[in-house]
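First comes the structure, then the notes that go with it.
Naming convention: chains lettered A, B, ... in sequence-line order (proteins, then strands); numbering from 1 in each chain. On a predicted model such as this, the values are computed, not experimentally measured, just so you know.
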Amino acid sequence: MSIRIHNTLTNKKEEFVPVINGQVSFYVCGVTVYDYCHIGHARAYVVFDYIRRYLEYQGYKVRYTQNFTDIDDKIIARANERGVSIQELTREYISAYFEDMDKLYIKRADSYPKATEYINEMQDIIKSLIKNNYAYIIDEEVFFSVEKSSDYGKLSKKVLDDLVAGSRVEVSDKKRNPFDFILWKKAKAGEPGWDSPWGNGRPGWHIECSAMVNKELGDTIDIHAGGEDLVFPHHENEIAQSESYTGKPFANYWIHNGFVNIRNEKMAKSKKNFFTIRKVLEKYNGETIRFFLMRVHYRTPLNFSFEGIDESAQALERLYNTIKLHKNVKQNSDNTSEELKVFNDKFVKAMDDDFNSAEATGVLFELNKYINKTGYGVDLLLKLGKILGLFNIEQDSDAVLTEEIQSLLDERMIAKKERNYEKADLIRERLFNEHSIIIEDTIEGVRWKRK
RNA sequence: GGCGGCAUAGCCAAGUGGUAAGGCAGGGGUCUGCAAAACCUCUAUCCCCAGUUCGAAUCUGGGUGCCGCCUCCA
């Protein structure tokens, strides 16, 4: 069985065949670091994280690169607002990025190139594009000529003539074609800039990814990923630049995740309907958020709501209850391995089919029930969950209790033996109210867990 | 105007030709001093219409509703 991926380029599910057998070059479009990340960002990076983990589970050696855009109009504006340098600003938000993503259990990429560290590489590509007539210089700025790219629009399925130029944004009259995009932008007075053959300025947005992909991963990479909103114009333009530059296909598989919505509308800064990751982390742990984001197929729009996360928290706890109850049970395999294999196969089949984490998590719950019925299979549950980046939270059943709590537990046991249930129940309430300890009486004795 | 997506139980959500995974919530039950956890059990014919087919939630056509992209955006 092989992995099938929905490729935006063809709009079909295709069998995944990497350029080099057993290896995957994987580029993910990162963030522009001028603010905190919101749940929409979280979804993208959780999705690509479990896709990466699954590829690794299937034995691929994955080279995973994600960029930081650390020079851009919004960054300049925000730095000016605050009266700090762009370096100071971007450093702050890069470290905030890592704090947030670490809490969501997102594995670190193999490299995190920054735009400001790729100025030379970008200039080299721009020079080449000019030389080969794909780009033109006007007034110390450089534009890419979309008409020179014969298959422009192939990713987003757009036909240049059908696009409504300037319908929502003013068209610069410098451009030969309204859809030409900027490769090098002239620095205005007071703005940061780098010397170039065309004057002091800074790179356009799209060119950084072309330069980074080329240097870090090669001319043709296996997977290029990002949010659905990047398909046009960002990824379309990357393709135009890179393929004009190298003469080779830029990326074989394009993966785009669906949006996070608030009441059926895209979560976006401009709509002011977003929740930052750190805001949601005030109330929920990162794994719950991660789980919430994984229970829907990655291309389906996902409505964000606190009710939805509550539901996921409840569901995740169900799995943890099982793990806690069975993790120390000696596993035997002979007479159960065949049955367990069915769960394993279902899980793999779901993930093989365009990384269907929604179906895969469903399998986790089917297995969960099997474990509770038979007592077998918790190892498999842990294994499968970990492929998705779950079960990171250490169970604290063996953790040391404070003396106070321990003595309350003892006191309750004595009360129970004396059939003084009123007292026992009072202690139970107190443990919950004052210490967030939930008591469960079982045949083997008292079990407790923290809320 | 062009392009694309979605519509499945109270809620969330898989499933792309053979009679609807899973989760949450709710009802009933087993266990328990009670509770919790767990288990058992109950609750859908898949937006509407027409068509193809022995057979469609799944394919085709039409309709309705919602969303996204064509601006920066994960």
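Residue Lys271(A) is classed as a sugar-phosphate contact, given heavy-atom separations below 4.0 Å to backbone atoms only. As judged by a 4.0 angstrom heavy-atom cut-off over every strand, Gly40(A) is placed among the base-contacting residues. Contact annotation for Asn257(A): base contact, defined as any heavy-atom pair under 4.0 Å involving a base atom. Backbone-only engagement by Lys74(A) is indicated by non-hydrogen atom pairs under 4.0 Å involving sugar-phosphate atoms exclusively. Within the nucleic acid shown, Gly153(A) has no heavy atom closer than 4.0 Å to any nucleic acid atom. Nucleic acid contact for Ile439(A): base, since at least one base atom lies under 4.0 Å from a heavy atom of the residue. Nucleic acid contact for Arg78(A): none, since no nucleic acid atom lies under 4.0 Å from a heavy atom of the residue. Within 4.0 Å (heavy atoms only), Ser305(A) reaches no atom of the nucleic acid at all. Heavy atoms of His38(A) sit under 4.0 angstrom from at least one base atom. If you check every strand for non-hydrogen atoms under 4.0 Å, Asn356(A) touches sugar and phosphate atoms only. When heavy atoms are screened at a 4.0 angstrom cut-off, Tyr421(A) is found touching base atoms of the nucleic acid. The residue Lys266(A) sits close to a base: some heavy atom pair falls under 4.0 Å. Here Val363(A) lies out of heavy-atom contact (under 4.0 Å) with every strand. Across all strands, Val231(A) comes closer than 4.0 Å to no nucleic acid atom at all (heavy-atom distances).
Using a 4.0 Å cut-off, some side-chain N or O of Lys373(A) falls inside it from OP1 or OP2 of C40(B). Side-chain N/O atoms of Ser357(A) include none lying less than 4.0 angstrom from OP1 or OP2 on A13(B). Phosphate proximity of C39(B) to Asn372(A): present, with a side-chain N or O under 4.0 Å from OP1 or OP2. Residue Arg428(A) has no polar side-chain atom (N or O) positioned under 4.0 Å from OP1 or OP2 of A36(B).
Closest contact between the side chain of Lys157(A) and the listed nucleotides C3(B), C69(B), A37(B) involves C3(B). Closest to the side chain of Arg412(A), from the set G2(B), A74(B), G33(B), is G33(B). The side chain of Pro233(A) approaches U71(B) more closely than any other nucleotide in the set G68(B), U71(B), C39(B). Side-chain proximity of Asn264(A) to the nucleotides A38(B), C67(B), A21(B) is greatest for C67(B).
On the C1' atoms, U8(B) is 15 Å away from G23(B), given to the nearest whole Å. Comparing the C1' positions of C40(B) and C11(B) gives a spacing of 24 Å, expressed to the nearest Å.
Contact check on Glu99(A) versus Arg278(A) returns a salt bridge, with a Lys/Arg side-chain nitrogen under 4.0 Å from an Asp/Glu carboxylate oxygen. The pair Lys349(A)-Asp352(A) does not meet the salt-bridge criterion, since no charged nitrogen lies less than 4.0 angstrom from a carboxylate oxygen. In summary, Lys416(A) and Asp425(A) do not engage in a salt bridge, as defined by a charged side-chain N under 4.0 Å from a carboxylate O.
Screening His256(A), His224(A), Arg299(A) for a side-chain contact (heavy atoms from CB on, under 4.5 Å) involving Thr8(A) leaves a single residue, His256(A).
Comparing Cys29(A) and Asn11(A) along RNA chain B, the residue whose closest nucleotide (by nearest heavy atom) sits nearer the 5' end is Asn11(A). Looking at which nucleotide of RNA chain B each of Glu317(A) and Ser156(A) is closest to, the 5′-most match is held by Ser156(A).
Relative to the ring axis of Phe232(A), Lys158(A) places its NZ or CZ within 45° and under 6.0 Å from the centre.
In this structure, Thr374(A) contributes its side chain and Tyr370(A) its backbone to a donor-acceptor pair below 3.5 Å.
A donor-acceptor contact under 3.5 Å is formed by the side chain of Glu311(A) with the base of G23(B).
Nearest heavy atom pair, residue Thr90(A) against residue Asp70(A), reads CG2-O, 3.7 Å.
Within residues 43-55 of chain A, the residues approached by RNA chain B to less than 4.0 Å at the level of any non-hydrogen atom are Ala44(A), Tyr45(A), in residue-number order.
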* **Test ring-ring contact (aromatic ring centres under 6.0 Å, His included) applied to Tyr34(A) and Tyr93(A), step by step** => CA-CA 6 Å; Tyr34(A) 71 104; Tyr93(A) 286 110; 7.7 Å; no
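For residues 223-243 of chain A, the set of pairs meeting the salt bridge (charged side-chain N to carboxylate O under 4.0 Å, His left out) definition, not counting sequence neighbours, comprises Lys154(A)-Glu243(A), Asp229(A)-Lys266(A).
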